Number of protein chains: 2
Amino acid sequence: MAKTAALPADKRVTVDEIADYLYREITSLRLLPGTRISETDIAMRFGVSRQPVRDAFRRLETMDLILVRAKKATEVRKFSIRAIEKSRFVRAAVEAAALRQAAAMCDAAGGFQLDACIALQRKALAEKDFAGFAGLDYDFHKTICEIGKVPYAFDVIRSEKEKVDRLCILGLSKEDRMPQLVADHEAIATAVKAGDAERAVTAGMAHLGRLDDTIAAILVQSAAFFEDLDPPS
Amino acid sequence: MAKTAALPADKRVTVDEIADYLYREITSLRLLPGTRISETDIAMRFGVSRQPVRDAFRRLETMDLILVRAKKATEVRKFSIRAIEKSRFVRAAVEAAALRQAAAMCDAAGGFQLDACIALQRKALAEKDFAGFAGLDYDFHKTICEIGKVPYAFDVIRSEKEKVDRLCILGLSKEDRMPQLVADHEAIATAVKAGDAERAVTAGMAHLGRLDDTIAAILVQSAAFFEDLDPPS
DNA sequence: TCGTCAAGACTTGTATCCTAGTTTTTATCC
DNA sequence: GGATAAAAACTAGGATACAAGTCTTGACGA
């Protein structure tokens with residue numbers, strides 16, 4: 001009866017390759033907002049026809065990463081202030097809920113996991129491993145969600161975080177902010193381990209708040225990358 | 001100079017028509033989970049080629065509404081328990097945050113808006129206008145977000161609500177639940193108007209909780225529509 | 001009657017052509 | 001030289017043809 005081969009994660013096709021490639025290029029800011037990209041151009045570069053590129057464009061369009069207009073050049077979407085506010089709000093709401101859950105449910109094993117996260121972060125800080133720290137940052141927030149038994153919360157946090165991280169590449173290097181971020185994480189971990197939900201949420205919100213200044217600075221510095229910012233007339 | 005024509009809402013093309021049509025069909029459950037849909041079939045029905053249908057499929061695929069597998073029939077995605085849990089969690093988190101904002105910022109004008117919402121709901125209840133009530137339900141939650149000056153929060157609430165509403169069509173009619181829902185809304189509105197954030201959140205969470213029983217009932221009744229529910233062997 | 005297997009009718013993936021609109025370039029006129 | 005208009009190059013939308021799998025169905029044999 002063949003059993004449909006136990007759903008082996010559908011064969012990867014060209015469209016996946018291209019969509020993933022463009023996703024990485026855009027979210028890593030190697031493709032700047034406003035950059036024009038052409039189906040034909042990408043197709044030639046990959047040595048395929050326009051068709052799979054079109055499909056990839058449609059996917060990215062749904063993710064609001066590119067702007068496709070009939071008969072006009074497709075371009076990488078600019079940042080939207082409203083989208084950033086929304087992202088920040090959602091992330092704050094979800095992160096607060098996850099922290100409350102984590103504080104309520106954290107046991108010895110969870111505390112150990114958090115300690116391990118913090119230790120790795122301290123190590124990265126000491127070694128000035130800025131690139132590695134980004135991954136550890138994700139791991140920390142993921143661990144919080146896992147301790148709170150709300151793994152899906154991390155899906156949301158990551159997806160919102162990616163949107164803002166793209167922005168922050170424009171700002172100052174992480175070098176200056178890293179010590180503060182590690183200290184924040186320590187405060188959060190301590191509160192969670194103590195089961196003090198309110199303190200954990202307060203610390204978490206303070207942590208998120210660090211982004212606000214960074215974003216405000218980028219907004220004036222890179223106004224050309226924002227779409228809902230009227231040029232001064 | 002030219003000012004890029006003030007982004008005049010791009011021309012609507014065939015792909016939008018088809019994607020919207022399929023979106024409505026799926027979210028309204030006229031197309032049941034597991035139903036197979038074919039590019040060719042839809043194309044013939046719309047009198048167009050496969051191309052725009054294909055583009056629409058890609059859009060819906062990104063929204064997780066359909067499952068496209070190479071060389072195999074495309075089908076309407078089944079419900080996922082994990083997706084429902086995620087949706088419920090996100091909505092609870094965002095709704096709680098919006099209620100806190102609303103309670104903190106509600107003024108006389110906001111109170112008046114809430115009263116107007118409630119009055120319309122009472123009217124719909126008295127007239128047994130179940131269809132109309134659905135719209136009023138959305139309006140109420142939208143008003144909360146507007147009072148809290150977090151309009152983007154409603155984008156999230158609506159999108160999560162749509163996912164679950166699709167499910168609830170499978171359950172009992174709204175007829176039985178309507179009085180309870182209106183009472184919930186009244187409790188929420190009263191707390192918001194009084195500026196009592198914690199009471200508003202408590203009432204809001206109780207309101208959301210009504211869904212849990214409904215969903216649990218649907219889960220056993222319509223197990224065939226769920227994808228991550230192993231059939232009893 | 002049941003199992004096996006092969007043919008054919010599906011499915012989506014990819015390539016290519018044409019069309020209609022936009023943008024840029026170039027030529028022309030003042 | 002600068003403004004204007006024609007023309008060429010470029011854009012994505014749509015239609016069609018073919019390729020490469022998958023599924024169904026029915027014939028055939030045990």
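It should be emphasised that the depicted structure is a prediction, and the values quoted were computed from it without experimental measurement.
- For the pair B:Glu75 CD and D:dC23 P, the interatomic distance rounds to 11 Å; values are reported in whole Å.
- Regarding A:Ile37, its CD1 atom lies at a distance of 18 Å from the P atom of D:dC10, rounded to whole Å.
- Rounding to whole angstrom units, NZ of residue B:Lys72 and P of D:dA20 are separated by 19 Å.
- Atoms CD (B:Glu39) and P (C:dG13) sit 6 Å apart, rounded to a whole Å.
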Going through the distances and angles, do B:Tyr21 and B:Asp16 end up as a side chain to side chain donor-acceptor pair (under 3.5 Å)? CA-CA 8 Å; B:Tyr21 167 77; B:Asp16 298 312; over 6 Å; no
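- Between B:Phe57 and B:Leu22, the closest side-chain pair of non-hydrogen atoms falls below 4.5 Å.
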Go through it in stages, so that I can follow the logic: the residues are A:Lys123 and A:Glu127, the test is salt bridge (Lys or Arg N to Asp or Glu O under 4.0 Å), and I'd like the CA-CA distance, side-chain angles, deciding distance and then a yes or no. CA-CA 6 Å; A:Lys123 183 160 171 290; A:Glu127 295 172 355; 3.6 Å; yes
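- Here the CG atom belonging to B:Leu211 is positioned 9.0 Å from the CD1 atom belonging to B:Ile218, to the nearest 0.5 angstrom.
- Recorded end-axis angle for the helix from C:dT1-D:dA30 to C:dC30-D:dG1 stands at 10°, based on five pairs per end and rounded to 10 degrees.
- Applying the ring-ring contact (aromatic ring centres under 6.0 Å, His included) test to A:Tyr23 and every residue at least two apart in sequence or in another chain returns nothing.
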Once each nucleotide of nucleotides 5-10 of chain C is scored for protein heavy atoms under 4.0 Å, what B/S/- sequence comes out, 5' to 3'? ------
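- Remark: A:Phe89 engages B:Tyr152 in a ring-ring contact (aromatic ring centres under 6.0 Å, His included) (not counting sequence neighbours).
- OP1 or OP2 of C:dT24 has at least one side-chain nitrogen or oxygen of A:Arg36 nearer than 4.0 Å.
- The existence of a salt bridge linking A:Glu160 and A:Arg88 is excluded, since no basic side-chain nitrogen approaches an acidic carboxylate oxygen closer than 4.0 Å.
- Note: CG (A:Asp41) to P (C:dT23) measures 19 Å, nearest angstrom.
- The stretch residues 47-61 of chain A comes close to DNA chain D through A:Arg50, A:Arg54, A:Arg58, each having a heavy atom under 4.0 Å from the strand.
- Summarising the geometry, the separation between CG on A:Leu67 and P on D:dG13 is reported as 11 Å, rounded to the nearest angstrom.
- In this structure, the side chains of A:Ser80 and A:Phe226 stay at 4.5 Å or more apart for every pair of heavy atoms.
- Both A:Ala73 and A:Val15 lie close to DNA chain C; mapped to their nearest nucleotides by heavy-atom distance, the more 5′-ward contact belongs to A:Val15.
- Taking the six-membered ring where tryptophan is involved, the planes of A:His141 and A:His207 are essentially parallel, since the angle between them stays under 30° and well short of 60°.
- Put simply, the side chain of A:Ile42 does not reach to within 4.5 Å of the side chain of A:Arg50, judged on heavy atoms.
- In this structure, the salt bridge (Lys or Arg N to Asp or Glu O under 4.0 Å) partners of A:Arg158, at least two apart in sequence or on a different chain, are A:Asp155.
- Phosphate contact (OP1/OP2 of D:dT11, side-chain N/O of A:Thr74, threshold under 4.0 Å): absent.
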